[in-house]
Amino acid sequence: MNKNISLVTRDESTFLKGILILFIMVGHNVYLMDLRADLKDFLYAFHIHSFFYLTCMYNIPDLTWSRIKKDFFRLYVPYTLLFGLFVVLYYFLQGGGDLQCRAIFTAYFSGGAMQIANVAGFQYLWFLPAMFAFLFLRNVYFNYSCFGYIILVLSTLVLVFLLLGCGQSPDLPLFFPLGLYGALANFSLALLLRKIIESSANQKWFRYLFPLLFLLLALMYFVLRPKIYWYYSFCFLWIPLFAFPSLFLWVKSRFVSCFLMKTVVGVFIKRIGSLSFPIYLFHQVIYMLLSFLYSSVESGFLLWDGFVTFMGTLLLTLLFIYLLRKCLPRLYALFS
């Protein structure tokens, strides 16, 4: 793999981020996820993990202290601020009581989703320390091959744990702190996808085969899932293995690059993609508040309720980001 080659352009990357963040917002919408019990697991198998895979599609920078500090500031500052805010709010919403300082510090430094949820109420913040750890591992792997094999072996072991159904243990992030567990769980598959796409993306058979296999896989998942005993292999291997290349190839297709990106819809999706990071940080809280207010007038028709709360969350999140950027630009800079 040539670390100096980027497999995706800036516009393609931004468009793909827009699609992925919309998928994430759909996955966080309870009304839409209640349409089918298995839809949530299907989306969760690839929508957030694809952001890890996408970072391996770019040209890989040299590993320097300035690069490490830049990544740390971009990810750990919003992580720390939001984690602290959520812990305080969650503490008071729970009625006070004894402050579980040990559990709070454990959650913060482990970066585990379940640990964070237990003290802060939201688990989605796990992505921030995991992404920092992933970027660090990526830069080490591509710049120092002597350490790369160790990283690859550890990542493969974590993936095997997940495939065997052992990777859901809440204690595992404690053995891989600072987001390393989330990073290792995605690293080996990200490298495999980089290798596949770099070597085959220009092949005509590849452009048709992977989307076709993904459609077949999705059909198998939704039709046969109650009879499938290898559920973990679907969610942690097969779905992400075929979903990301299919989305990647679709974004690079002539239809998207020459037509869709130039339409109003395409421009809007790119705008969403350019704001994908602050949208990710704020949309969950806004959705929770909106769904709480909407619960008093919901129609009982899940698809309609889901559409209303989804569009409301998206528009209110964009409005919040706009106001934050205009009124508090220095604070906004920490979350952008």
Side-chain angles (χ1 to χ4, degrees), residues 44 48-53 55-56 63-88 90-91 98-144 146-191 232 235-236 240 277 280-281 284 334-335:
Y44 273 57
I48 188 64
H49 305 291
S50 292
F51 279 96
F52 293 106
Y53 310 148
T55 65
C56 283
L63 181 63
T64 61
W65 281 113
S66 62
R67 167 60 58 176
I68 296 173
K69 288 189 290 185
K70 180 180 179 181
D71 290 338
F72 182 85
F73 182 82
R74 288 173 53 219
L75 293 162
Y76 261 88
V77 169
Y79 172 58
T80 303
L81 292 175
L82 291 178
F83 180 88
L85 176 62
F86 292 161
V87 166
V88 172
Y90 191 66
Y91 173 76
D98 294 331
L99 191 62
Q100 304 294 325
C101 294
R102 182 175 181 179
I104 292 172
F105 282 113
T106 299
Y108 177 81
F109 286 107
S110 71
M114 294 183 66
Q115 286 81 5
I116 293 174
N118 288 336
V119 300
F122 294 102
Q123 67 176 13
Y124 75 95
L125 291 180
W126 73 269
F127 173 75
L128 303 179
M131 178 56 82
F132 173 76
F134 187 93
L135 293 174
F136 178 77
L137 294 177
R138 181 201 65 174
N139 294 343
V140 170
Y141 179 88
F142 280 95
N143 289 286
Y144 299 96
C146 56
F147 297 108
Y149 294 108
I150 299 174
I151 296 172
L152 188 57
V153 168
L154 287 175
S155 176
T156 304
L157 287 175
V158 172
L159 181 59
V160 170
F161 288 154
L162 290 170
L163 296 178
L164 294 175
C166 307
Q168 301 306 296
S169 169
D171 296 325
L172 275 177
L174 303 179
F175 293 96
F176 300 98
L178 301 175
L180 279 170
Y181 180 68
L184 290 170
N186 291 281
F187 191 78
S188 56
L189 194 55
L191 289 181
Y232 291 108
C235 288
F236 296 113
F277 188 60
Y280 180 80
L281 295 179
Q284 183 77 315
L334 300 177
F335 297 100

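These numbers come from a predicted model, not from an experiment. FYI, side chains are in, hydrogens and waters are out, and symmetry mates aren't considered; it's all heavy atoms of this structure.
- Aromatic rings from Phe72 and Tyr76 are positioned such that their centres are separated by under 6.0 Å.
- Separating the CG atom in Asp71 from the CZ atom in Phe132 is a distance of 6.5 Å, to the nearest 0.5 Å.
- In summary, of the residues considered (Phe277, Tyr79, Phe134, Phe52), a ring-ring contact (aromatic ring centres under 6.0 Å, His included) with Phe127 occurs for Phe52 alone.
- Two residues are said to be in side-chain contact when any heavy atoms from C-beta on lie closer than 4.5 Å; Tyr108 and Thr80 meet this criterion.
- In this structure, the ring of Phe187 has its center less than 6.0 angstrom from the ring center of Tyr141.
- Here the straight-line distance linking atom OG of Ser155 with atom CD1 of Ile150 works out to 13.5 Å at 0.5 Å rounding.
- Contact between Leu137 and Leu184 at its shortest, heavy atoms only, is CD1-CD2, 3.8 Å.
- Under the 3.5 Å distance criterion, the side-chain polar atoms of Tyr181 are left unmatched by any main-chain donor or acceptor of Ser110.
- Across Val119 and Ala107, no two heavy atoms sit closer than the pair CG2-CB, 3.7 Å.
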Open item on the list: Under the criterion side chain to side chain contact (heavy atoms under 4.5 Å, CB included), I'd like the reasoning laid out for Ile48 against Tyr124: C-alpha separation, chi angles, the key distance, then a yes or no.
Closed with: CA-CA 10 Å; Ile48 188 64; Tyr124 75 95; over 6 Å; no
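- The aromatic rings of Tyr232 and Phe236 lie parallel to each other, their planes meeting at an angle below 30°, with 60° marking the opposite boundary.
- Side-chain contact between Ile104 and Phe83: present, with at least one pair of heavy atoms (C-beta onward) separated by less than 4.5 Å.
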